[in-house]
Amino acid sequence: MITSRFACSLTLAGVLLASGAAAQDRLSIQGNQPGVAFTLRGGVASAPDYFGSEDYTAVPDIAFSFDGLTLRNGRSFGDSDPWVDALGFGMRGSFRYISERDSSDHGTLRGMDDVDAAVELGFGVSFTSRSYEVFADMRRGLGGHEAWVGEAGMDLIARPDDRWKLTIGPRLFWGSDDYADTYFGVDSDEATASRSSYDADGGLLSAGVEMGARYRLTDDWGLEGAVTWENYRNDAADSPIVDDPDQWTVRFGVTRAMRLRF
């Protein structure tokens with residue numbers, strides 16, 4: 001699973017590098033020219049092997065963000081410049097991929113049922129100013145779980161100069177009963193002498209902090225990284241399969257702004 005995702009990351013990076021010179025005539029939306037602007041990120045992250053694991057592994061980090069859209073009638077949404085924040089209230093898409101959990105790979109989980117990979121899709125709302133941003137997202141899972149989850153957070157924003165953007169702020173994560181039981185519950189037929197059965201209820205499952213930094217190399221290329229700490233709460237923290245309630249994720253990647261004309 002990790003190998004296939006890593007290959008996808010390398011392929012994406014290769015396409016971006018190879019298209020740099022050939023696509024220059026398409027990479028600019030000036031004034032009212034119709035087109036769409038978006039940013040791709042490809043890199044690597046260090047994340048727990050599974051929710052609650054005390055062991056970490058390197059995984060690919062891939063992300064997509066929409067920047068702006070200009071229609072033929074001149075109406076525009078967002079901003080074609082990826083380095084300019086769209087101020088005020090906004091809507092946004094929300095996506096998360098959760099890799100499969102193979103219980104045979106982890107001593108704490110051995111004997112439990114495997115959990116398939118899951119994709120979470122949804123939407124969110126946000127308010128952005130020059131000095132802070134607040135947001136709330138809701139997603140529905142497909143695959144490994146088919147439950148509802150929600151996230152909320154706030155970032156304080158600092159811009160030491162026109163190339164740097166620094167952020168720090170709290171994060172909260174909620175999951176429904178089905179979500180909590182999928183990743184933190186233990187069925188009666190999975191219980192052992194050292195692992196009691198456990199019915200995990202939903203609610204607030206984690207709280208934490210994220211620190212991020214973005215650096216502008218050129219108008220199209222940039223560097224981006226973040227460190228996230230989250231602490232499991234309530235039924236997630238009490239789960240017998242959680243070896244460490246403090247979970248860390250570190251990511252670093254290269255960003256590429258794309259501006260395609262219609």
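Residue numbers run from 1 in the order of the sequence given. Computed from heavy atoms alone, side chains included, the values below leave out hydrogens, waters and symmetry copies. Every value quoted in this text rests on a predicted model; they were computed, and no experiment measured them.
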| Do the side chain of Ser103 and the main chain of Asp113 share a donor and acceptor less than 3.5 angstrom apart? | yes
| message | Using only atom types and a distance under 3.5 Å, with no angle test, would you say the side chain of Asp161 pairs donor to acceptor with the backbone of Trp164? | response | yes
| With hydrophobic residues grouped by side-chain heavy-atom distances under 4.5 Å, do Leu205 and Val149 end up in a single group? | yes
| task | Check whether any side-chain N or O of Arg159 sits under 3.5 Å from a backbone N or O of Arg130 as a donor-acceptor pair, and report yes or no. | result | yes
| query | When you measure from the side chain of Arg101 to the backbone N and O of Tyr183, does any donor-acceptor pair fall under 3.5 Å? | reply | yes
| note | So CD of Glu54 and CG of Asp243: to nearest 0.5 Å the spacing works out to 4.5 Å
| note | To the nearest 0.5 Å, atom OH of Tyr50 lies from atom OG of Ser99 at 12.5 Å
| Does Arg41 come within less than 4.0 Å of Asp61, counting only side-chain N to carboxylate O? | yes
| query | Is a side-chain N or O of Asp235 found less than 3.5 angstrom from the main chain of Asp201, in a donor-acceptor match? | reply | yes
| query | Measuring from Glu133:CD to Ile157:CD1, what's the distance to the nearest 0.5 Å? | reply | 5.5 Å
| message | Could you check whether any side-chain heavy atom of Lys165 comes within less than 4.5 Å of a side-chain heavy atom of Asp85, counting everything from C-beta outward? | response | yes
| Is any side-chain heavy atom of Phe135 closer than 4.5 Å to a side-chain heavy atom of Arg92? | yes
| Just by modelled atom types, is the Glu151 backbone N or O under 3.5 Å from a matching donor or acceptor in the Trp174 side chain? | no
| said: Any non-hydrogen side-chain atom of Leu156 less than 4.5 Å from a side-chain atom of Ser131? | reply: no
| With a 4.5 Å limit on heavy-atom distance, are the side chains of Ile168 and Val209 in contact? | yes
| query | Short question: side chain of His145, backbone of Ala147 - any donor-acceptor pair under 3.5 Å? | reply | yes
| said: Can you confirm if the aromatic rings of Phe184 and Tyr232 lie within a centre distance of less than 6.0 Å? | reply: yes
| field | Asp181 CG to Asp187 CG distance, which is reported to the nearest 0.5 Å | value | 6.0 Å
| query | Are any of the side-chain heavy atoms of Arg256 and Thr39 separated by less than 4.5 Å? | reply | no
| message | Nearest 0.5 angstrom please: Tyr56 OH to Ser46 OG, how far? | response | 7.5 Å
| query | Would you call Arg214 and Glu224 a salt bridge, using N to O less than 4.0 angstrom? | reply | no
| request: For Met138, look at atom CE and say whether over 12 heavy atoms of other residues, nucleotides or ligands are found less than 6.0 Å away. | output: no
| From Leu40 CG over to Phe38 CZ, what is the distance, rounded to the nearest 0.5 angstrom? | 5.5 Å
| Between the main-chain N or O of Ala47 and the side-chain N or O of Thr249, is there a donor-acceptor pair closer than 3.5 Å? | no
| Is there a donor-acceptor contact under 3.5 Å from the side chain of Arg96 to the main chain of Ala118? | no
